[in-house]
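Letters A, B, ... mirror the listed sequences (proteins, then strands); counts begin at 1. Not measured: the values here are computed from a predicted model. For the numbers below, each heavy atom of this structure counts, side chains included, while hydrogens, waters and symmetry mates do not.
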There are 2 protein chains.
Amino acid sequence: MLAKQLNLSTAAVSKALRDSHEISPTTKQRVLDLAAILNYIPHPYAGSLREKKSRTIAVVIPEVADSFFSLALNGIEAVAIEKGYHALIYLTHENQEREREILKDLESGRVDGVIMSVAMKTNTFEHIRLLHQAVPLVFFDRVCEEINTAKITTNDYECGYLATKHLIEAGCKKIVLLSVSESLSISSRRMQGYKQALLDHQMDETLCRVIDYNEDLTMNYDLLIELLKSKDRPDGIVATVSKMTTEIYLACMERGLNIPNDIKVVCFSNDSNAPIFNPSLTTITQPAFEMGKLAATILFKALKRNSMVLSDESAVIPSDLLIRASTAGLL
Amino acid sequence: MLAKQLNLSTAAVSKALRDSHEISPTTKQRVLDLAAILNYIPHPYAGSLREKKSRTIAVVIPEVADSFFSLALNGIEAVAIEKGYHALIYLTHENQEREREILKDLESGRVDGVIMSVAMKTNTFEHIRLLHQAVPLVFFDRVCEEINTAKITTNDYECGYLATKHLIEAGCKKIVLLSVSESLSISSRRMQGYKQALLDHQMDETLCRVIDYNEDLTMNYDLLIELLKSKDRPDGIVATVSKMTTEIYLACMERGLNIPNDIKVVCFSNDSNAPIFNPSLTTITQPAFEMGKLAATILFKALKRNSMVLSDESAVIPSDLLIRASTAGLL
DNA sequence: TTTATTTACTTAATCGATTACGTAAACTGG
DNA sequence: CCAGTTTACGTAATCGATTAAGTAAATAAA
């Protein structure tokens, strides 16, 4: 290294920089001074290789242009920086194949741990299982039930129930659920809550309609238009996916339906602009930032004690129902 | 390595996996087969160390919970994945000190290149200059003029001009600019456009009021309320920072001012929900995804030809003025 | 004074993959 | 049939930092 302008061994320099007792104060100072002048920074991968620790984690999420995931990423990054870790970001774009390629790479030892939220299209789990064998793994929000590790979720069942109950109490008789592929843990839990609420209030469960979220948003719009045209059109909508919001509002507008007078709407959403929508939107708002923070905290705790065992560290952080104008009044 | 179950040297295995002509087809197949069975993946940091290439870049941005930056990150990640690179994410939270610590670390050789958008609070550039000496650097959106490297921007001056002209043509007489610290390149350009538009239309430039964006959003709200209370309250607002939108709408509502009848509003924003705001929001929408993609493309091109020289690769991608209800009618 | 201990280093192994170089054995050409 | 070449590997250096183990010199203890 450059610090051999001091006529020292690399070993001595390394020890000096790490403040070892084996090095004399005079020498330490000389090393420190030159290091400052030369702006010397140890190469991280050299140490990583030897220590078998990269001080890096991976965050694997479906999207980042999404309030929930960007807030969660924010929480994860905050903890990572604080703990001196680095965060690699990977986006699956809801695509299982992409997810598999990413996880495959992460088995290499590139990262010490992985925090992930599974893609919508994911319906087999072998790739996740393989990763889990190689590196500590924490799920958040969209978890994989089949894999025994820490899972940070929110109270999806209760929220599905609560959102539906809220619409029922507002007088809605025909409530549809807009959801995504049922293979997703959160979707099925939210749907269970929805169904149970209908059941508990003697309402027709057969109305339950699942519109599978499509990446092509115009398709969702078209499906919504169809739905609103049908002769028993819904008078209440529970959308478990926030990306549907714009299309719901626009479709209602197109069909001349007033929210909340003709139809009431609740969305699972973390959009901070919900209060200024037309009308302001009643939301189930998830603790996205906190979920990210907790997922990261749990992961780093496990890394510290050098354990792959994370099974007992699961946690549920409740969401809030924020009632606004889109569900106001009584039908 | 484990592949010495084959009675081969590591060298032979390495060559086999890289399909070297020095290895016989039979041996290659044996290696490939066992590698598949053992799910062998080369350790990335070993190669990185030797090749002095990490195939990793860093993305340093102020925030991720922001439509513009999350879209840009999306664009960057898309190109990174395609090129076989990995992306580390760092958030400065608009804080110069944090930015400096992050950039300091990135001088270590951890990454082959950096894509960044500078923090609002950044007013000295030594830390950026130091990074620039160590590793190829591309700026996007919020660039540092003082540093000679590739810069991906949008036509901020024209947009400031256009937004203001649009309000003038809608009959606004007292247009304020809500901005952030003037040290920021984009802010000052947008402001220049704003001022020039006022000048070109013989309007009073002294009205120009810069409300410095504050992380504590309630402070922005309070400042806005004050502004709207003042005896020559504005009848037009150009907000160069999208995070102000909610507060602008809420403050107007609180003061009983109707948008667009009493006051018209244009925001620089990438929020896809702008069409369903109350009223729908006229925006200057930046090509966030494209800017991220281009920044990454230019960086990888430079990395490929192994050059630190990126000075001539700057580009400007224009934004769009999307006219909606918040500036409708004539005052 | 002699041995034991402490101080302040250096040497060399290590992490894992890559590659320049070395080398047996097989093969080819004259 | 022997020099020259090709084939198919193995050996060892390398990337950069860390650390166990080794060592010379100074110091302390007996």
*To the nearest angstrom, how far is E51(B) atom CD from dA17(C) atom C1'?*
9 Å
*dG16(C) C1' sits how many Å from K53(B) NZ, rounded?*
19 Å
*Atom-pair distance (CD on Q29(A); P on dC9(C)), nearest Å*: 14 Å
*Of L303(A), I76(A), V111(A), which is the lone residue that meets side chain to side chain contact (heavy atoms under 4.5 Å, CB included) with Y85(A)?*
L303(A)
*Please give, in whole Å, the distance from dC15(C) C1' to K52(A) NZ?*
6 Å
*Over how many whole Å does the gap from L49(B) atom CG to dG16(D) atom C1' extend?*
5 Å
*To the nearest Å, how far apart are D19(A) CG and dA8(C) C1'?*
15 Å
*Is it true that the side chains of S54(B) and D112(B) contain a donor and an acceptor less than 3.5 Å apart?*
yes
*Does Y40(B) make a side-chain N or O approach to OP1 or OP2 of dA17(C) shorter than 4.0 Å?*
yes
*Please determine which of E99(A), H127(A), Q96(A) meets the side chain to side chain donor-acceptor pair (under 3.5 Å) test together with T122(A).*
E99(A)
*asked:* Side-chain N or O of R18(A) versus OP1/OP2 of dA17(D): is the shortest distance under 4.0 Å?
replied: no
_Heavy-atom protein contacts under 4.0 Å, nucleotides 8-13 of chain D, coded B base, S sugar-phosphate only, - none_ = BBBB-B
*Is a side-chain N or O of T124(B) found less than 3.5 angstrom from the main chain of E126(B), in a donor-acceptor match?*
no
*Do R18(A) and S20(A) have a side chain donor and acceptor closer than 3.5 Å?*
no
_Residue pair V143(B), I152(B): steps toward the side chain to side chain contact (heavy atoms under 4.5 Å, CB included) verdict_ = CA-CA 8 Å; V143(B) 308; I152(B) 312 304; over 6 Å; no
*Using whole Å, report how far CG of L17(B) lies from C1' of dG16(C).*
13 Å
